[in-house]
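Computation of the quantities below employed the complete heavy-atom set of this structure, encompassing side-chain atoms and omitting hydrogens, waters and symmetry-equivalent molecules.
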Amino acid sequence: MGLSDHSYETASASSVSGMSNISSNNHDAVMEKNMEFIWWIANQLTSYDEEMHKEILEDFFTDDAKYIHPALTVEGKYNIRKVFRVWTSLNKDEPEVTNIVFDGHTAIISLVQNLRPRVFPLLHLQVPATTTLHFRESPIGPMIYSHQDSWTLEGIVQSMPLLGWWYDHIARNVLGSVLTSAGGFLHTANQTTGYLQFRAEEVQKISTEIIEKSGAEIQQRSKEMTLRAQMMVDQAKDTVGKRVATAREEVARMRQMMRPLTNTKAITGSENVA
């Protein structure tokens, strides 16, 4: 009996030790996958690729997600996109991600903002900043419901009680509304300007051909110009389509990695071991 009991205790200890090693290995794998996901999200959100930014917002942000900045506050994925469009229209250089801390629910991203206005590119300021992403679980997986950028300016302003209250409750909301409206205006203006420029160039070319050519030559040149323009349009559509497809493939890859068809909560990195 003594030998049997000793053998049973040894086997039990070995079993518990094996389960512990498996649990530890699984936890490390989950954490590594989560960090890969967070670094990917951070780099895509700070890039100036508008198609990728659109895919990230559509797939990993809640409909009521908030974007909070020292200068403004907006709510909703559509408004966040418009603010992004205004910012990339004004600033030339992308920020650089330097470090990320992630606990399963909140990601704190350290980065350097490269301030280089497009209208005055010789001016270049590097401002340390922090981006905080808050996640919540949903039926389809982890979703970002809050994206907050913090700059040094925020601490200076909020150190003054009265000015800080006015800044938080009035200035941010007003400026957020102004920028979202400006984003929609810029988008429409850019489309209209591009269309008018294209039409003006087309009319100028046609007028020149009419003056220089006659009869059948005019008709032939008009057909050639129409085919050339159609080829340019097709090439542009193909380029945009490839960018969209690439962005969607990236998002699909990360979605498949972060949202397996199991009940495991990948974003928290936790699992129960029986």
| task | Show your working on side chain to side chain contact (heavy atoms under 4.5 Å, CB included) between I109 and T130 and close with a plain yes or no. | result | CA-CA 6 Å; I109 304 167; T130 301; over 6 Å; no

| field | Audit row: D234, D238, side chain to side chain contact (heavy atoms under 4.5 Å, CB included) steps and yes/no | value | CA-CA 6 Å; D234 292 341; D238 184 60; over 6 Å; no

| message | The test is salt bridge (charged side-chain N to carboxylate O under 4.0 Å, His left out); show your working for R253 and E250 and say whether it passes. | response | CA-CA 5 Å; R253 184 177 71 84; E250 279 289 311; 3.8 Å; yes

| task | For the pair L133 and F60, evaluate side chain to side chain contact (heavy atoms under 4.5 Å, CB included) and give the outcome as yes or no after the intermediate values. | result | CA-CA 11 Å; L133 302 177; F60 293 101; over 6 Å; no

| task | Under the side chain to side chain contact (heavy atoms under 4.5 Å, CB included) rule, what do F84 and E50 come out as? Steps first, then yes or no, please. | result | CA-CA 8 Å; F84 171 82; E50 185 169 353; 4.2 Å; yes

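Side-chain atoms of W40 and E36, non-hydrogen and from C-beta on, never get closer than 4.5 Å to each other. At least one side-chain heavy atom of I41 sits less than 4.5 Å from a side-chain heavy atom of I56. You'll find the side chain of S146 stays beyond 4.5 Å of the side chain of T132, heavy atoms only. Contact check for T62 versus I144: no side-chain heavy atoms found under the 4.5 Å cut-off. L45 places a side-chain heavy atom less than 4.5 Å from the side chain of H53. Side-chain contact between M143 and F61 is absent, with no heavy atoms from C-beta onward closer than 4.5 Å.
Hydrophobic cluster membership for M231: none, as no Ile, Leu, Val, Met, Phe, Trp or Tyr side chain comes under 4.5 Å of it. Cluster note: V240 groups with V244 through ILVMFWY side-chain heavy atoms spaced under 4.5 Å, whether in direct contact or through intervening members.
Counting non-hydrogen atoms of neighbouring residues, nucleotides and ligands closer than 6.0 angstrom, the CD atom of E32 reaches no more than 12 such neighbours. Within 6.0 Å of CE on M232 lie no more than 12 heavy atoms contributed by other residues, nucleotides or ligands.
Taking CG of L90 as the reference point, atom CZ of R118 lies at 8.5 Å (rounded to 0.5 Å). We find the CG-CD distance between L111 and E96 to be 9.5 Å, quoted to the nearest 0.5 Å. Put simply, CG on L57 and CZ on R81 are 7.5 Å apart, with the number rounded to the nearest 0.5 Å. The distance from atom CZ of F102 to atom CG of N34, rounded to the nearest 0.5 Å, is 5.5 Å. Rounded to the nearest 0.5 Å, atoms CE (M31) and CG (D103) are 8.5 Å apart.
Screening N91, D93, T88 against Y48 for a side chain to side chain donor-acceptor pair (under 3.5 Å) leaves a single residue, N91.
Linking ILVMFWY side-chain heavy atoms closer than 4.5 Å, directly or via other members, places I80 and Y145 in two distinct hydrophobic clusters. A continuous path of hydrophobic side-chain contacts links W39 to M52 [ILVMFWY only; heavy atoms under 4.5 Å]. Hydrophobic clustering of Ile, Leu, Val, Met, Phe, Trp and Tyr side chains at less than 4.5 Å, counting indirect connections, unites L123 with W87. Side-chain heavy atoms closer than 4.5 Å link hydrophobic residues (I, L, V, M, F, W, Y) into clusters, and following such links, even through other members, never connects M35 to V101.
When only modelled atom types and interatomic distance are considered, D49 and S47 share no side-chain donor-acceptor pair under 3.5 Å. A donor-acceptor contact under 3.5 angstrom links the side chains of D149 and Y67, judged on distance only. For the 3.5 Å distance criterion, the side chains of E75 and N79 fail to qualify, holding no donor opposite an acceptor.
In this structure, R116 contributes its side chain and P121 its backbone to a donor-acceptor pair below 3.5 Å. Between the side chain of T98 and the backbone N or O of S110 there is at least one donor-acceptor pair closer than 3.5 Å.
Sequence neighbours left out, the pairs with a member in residues 52-62 that pass salt bridge (Lys or Arg N to Asp or Glu O under 4.0 Å) are E55-R248, E58-K77, D59-R255, D59-R259.
Between E249 and R243 no salt bridge is recorded (no basic side-chain N to carboxylate O distance below 4.0 Å).
The shortest heavy-atom contact between M254 and F37 is CE-CA, 3.4 Å.
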